[in-house]
Amino acid sequence: MPDIEQKIKLLRKIIREHNHNYYVLDAATISDYDFDILLKELETLEAKYPEYYDPNSPSQRVGGSITKDFITVTHKNRMYSLANSYSKEDLQDWEARVQKGLGIDHVQYTCELKYDGASINLTYKNGQLLTAVTRGDGFQGDDATANVKTIRSIPLVLQNPLFESFEIRGEIILPLKGFNMMNKDRIEDGFEPYSNPRNTASGSLKLQDSAAVAKRPLDCLLYQVVGDSKYETHFNTLKQARKAGFKIPDALKLCNSLDEVYQFIDEWDTKRHRLDYETDGVVIKVNSLAQQEELGYTAKSPRWAIAYKYKTEQAISKLMRIDYQVGRTGAITPVANLQPVQLAGTIVKRASLHNADQIAKLDIRINDTVFVEKGGEIIPKIVGVDKDKRPVDSKPVQYITHCPDCNSLLERKEGDAKHFCPNTYGCPTQNKGRIEHFISRKAMNIDGLGAETVELLYDAGLIQNYADLYDLRAGQIVPLERMAEKSAKNIVAGVRASTSIPFEKVLYALGIRYVGETVAKKLARHFKSIDKLMTVDFETLTAVDEIGDRIAQSIIDFSNDLLNIQLVDRLKSYGLQFEIDESKSTVQSAILQGKKLVISGVFTKFSRNELKQSIEDNGGKVSSSISSKTDYLIAGDKMGPAKRTKAEKLGVPIISEDEYIEMIISKS
Ligand code: AMP
Ligand code: ZN
């Protein structure tokens with residue numbers, strides 16, 4: 001059926017163009033909703049007519065293939081390092097060598113930023129992406145094609161190929177916004193945050209499951225086309241590459257003298273802090289490809305290029321004190337208190353020290369003069385100590401042995417980087433932390449209660465654990481500071497209302513270590529009730545998809561603790577949901593799969609929580625603010641006018657509660 005084939009090809013072409021507009025040019029021309037419709041249409045046709053399968057179809061971006069062992073590939077053209085320079089004198093020396101090598105005294109250069117990520121070599125043939133290989137040792141790298149294909153800004157098919165076949169090189173990066181978002185989720189789920197964007201980007205390429213890579217907001221910036229001199233200069237070649245669909249950053253300049261190079265360097269020394277990715281320098285290249293060839297390579301790097309490294313912005317400060325914070329899981333985190341100092345536009349007073357090993361490694365002591373740096377992470381870090389300035393009587397830091405809160409002897413298990421307070425149910429910070437987690441938005445979402453109120457209630461002795469919340473009476477709360485009758489009643493009503501929160505959220509709310517939102521959902525759907533979950537054995541747990549040893553052991557430990565058994569029994573007696581209620585979730589479907597919805601206002605047929613639940617039951621995601629990625633805004637009564645204006649401006653469809661119900665019923 002040739003017309004079907006034509007249709008599939010046309011859809012692929014249109015979707016490819018939209019991908020390019022969105023991910024490369026950063027200028028979408030259709031709404032996400034319309035885009036999804038196109039993609040769905042393509043997926044449906046591809047499923048129906050598998051004979052037109054294409055490994056480079058835009059539908060393949062979601063990944064799904066598993067690579068157990070990455071294949072080693074020898075690079076056709078070696079991937080060299082770059083020589084470094086740190087001063088204008090270094091650059092003058094380099095220019096002198098270039099001029100001497102070429103026997104001329106006027107050379108044209110290009111300047112680009114040095115992107116800080118993982119280098120990748122892409123091979124294209126007949127306009128199709130063939131392979132993506134990591135740099136490795138420069139001679140050989142790993143074939144990471146399946147993972148790299150999920151990066152939306154890398155074209156799988158080129159509209160106007162540069163050459164029939166060619167290699168192009170770039171850097172796979174993790175933009176800061178995406179990196180910080182990933183870390184926020186990790187911390188909320190009780191995991192250690194990733195240490196920096198570069199390592200996370202290169203680690204992503206080594207993941208076995210390409211679907212997991214597809215979920216990471218990776219990007220790829222290209223900087224070199226290898227081995228053809230048709231376009232004569234590096235600058236022209238990059239411009240052609242941009243036309244062909246590759247993401248070549250705008251910070252690209254042609255320079256006719258070293259003075260112009262310096263201008264670029266100075267300009268970007270400040271401007272780089274406004275970029276959404278990390279750069280640690282500028283790469284200067286001889287522009288003429290013929291001259292590049294004439295200059296050739298040293299044993300390690302091209303003679304025709306050099307990196308200029310910015311000094312990492314560093315501040316000098318003094319370590320005044322180390323505080324030890326106790327987390328809700330009992331993990332101890334040391335935090336350095338510094339003499340306030342200006343660094344990269346902000347005043348820094350605290351720096352994270354991670355754990356005892358980090359303190360020992362830095363050999364950092366109280367009253368030491370320390371160097372502080374700021375990377376992509378929000379919290380700055382101490383990178384070194386000026387030992388010449390160390391007071392003569394200084395002594396190594398004695399890491400605390402007892403919990404700063406409850407004075408229990410700390411434990412450190414094998415394989416753990418951190419110390420833990422083992423007094424799970426007697427340590428006030430852990431107790432409060434667990435209650436705060438229990439009431440939080442993604443858990444029981446209890447209106448009228450926040451961290452401060454929990455603190456107040458806990459300190460007044462009214463609550464010791466989350467089950468106690470359900471015994472609270474307004475009359476007990478009113479006498480407390482800053483509490484009026486109305487707020488007290490609100491708290492009690494909010495707690496009552498939470499008894500209808502579905503099982504998977506209750507499970508997450510219990511705060512079992514390593515059981516984050518996604519894991520809780522998975523366990524709830526699999527085991528269907530708390531009674532089942534708390535009685536299964538280790539093997540049954542690890543047999544569940546994505547449940548590893550660590551999570552399984554943590555669930556077993558939780559379930560064997562008498563205190564937890566009692567707490568859960570009490571919560572049951574108050575009417576909390578500890579089973580999946582199959583009768584309520586009749587309209588479970590995947591109709592909203594991959595869709596992002598925002599709800600606003602007051603609804604008549606659903607409570608806000610029920611509406612959220614219904615969206616999730618149908619495969620959708622609820623987000624709190626409208627963006628160009630929002631698929632629908634469900635408008636209730638008294639919706640804020642700002643939300644409506646924003647939705648209209650971004651072209652987000654606005655639907656009513658009834659239209660929503662219509663949508664899920666007619667399609668499920
Ligand atoms: P190094 O690893 O410090 O020797 O620096 C060489 C690496 O810098 C190359 O392998 C590239 O991956 C990376 N790089 C980042 N940005 C650029 C750029 N604009 N031009 C060339 N190489 C770059
Ligand atoms: Zn403690």
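Start at 1 with the first residue, then count along the sequence. All ligand and atom numbering here is 1-based and tracks the order in the structure. Remember, it's a predicted structure, so these values are computed and weren't measured experimentally.
- Taking only nitrogen or oxygen atoms, main chain and side chain alike, Lys114 reaches within less than 3.5 Å of ligand 1.
- Some N or O of Glu171 is nearer than 3.5 Å to an N or O of ligand 1, by distance alone.
- At a heavy-atom distance under 4.0 Å, atoms from both the backbone and the side chain of Tyr115 approach ligand 1.
- In terms of polar-atom proximity, defined here as any N/O pair under 3.5 Å, Gly170 makes no such contact with ligand 1.
- Atoms of ligand 1 found under 4.0 Å from any heavy atom of Ser81 (numbered from 1 in listed order, with element): 4 (O).
- In this structure the side chain of Ile439 reaches within 4.5 angstrom of the side chain of Val454, judged on heavy atoms.
- The pair Lys285-Glu112 meets the salt-bridge criterion, with a side-chain N (NZ, NE, NH1 or NH2) lying under 4.0 Å from an Asp/Glu carboxylate O.
- Near Glu112, with a cut-off below 4.0 Å to any heavy atom, the atoms of ligand 1 are 18 (C), 19 (N), 20 (N).
- Donor-acceptor pairing under 3.5 Å is recorded for the side chains of Asn431 and Arg434.
- With ligand atoms numbered from 1 in the order given, ligand 1 contributes 16 (N), 18 (C), 19 (N) to contacts under 4.0 Å with heavy atoms of Leu113.
- The Zn ion (ligand 2) has Cys403 SG, Cys406 SG, Cys421 SG, Cys427 SG as its protein N, O or S neighbours under 2.8 Å.
- Residue contacts with ligand 1, taken as heavy atom pairs separated by less than 4.0 Å, involve Val283 solely via side-chain atoms from C-beta onward.
- Residue Lys285 touches ligand 1 through its side chain alone, judged by heavy-atom distances below 4.0 Å.
- For the pair Arg78 and Tyr80, the cation sits on the ring face: its NZ or CZ lies under 6.0 Å from the ring centre, inside 45° of the axis.
- Using a 4.0 Å cut-off between heavy atoms, Arg135 contacts ligand 1 through its side chain alone, with no backbone atom that close.
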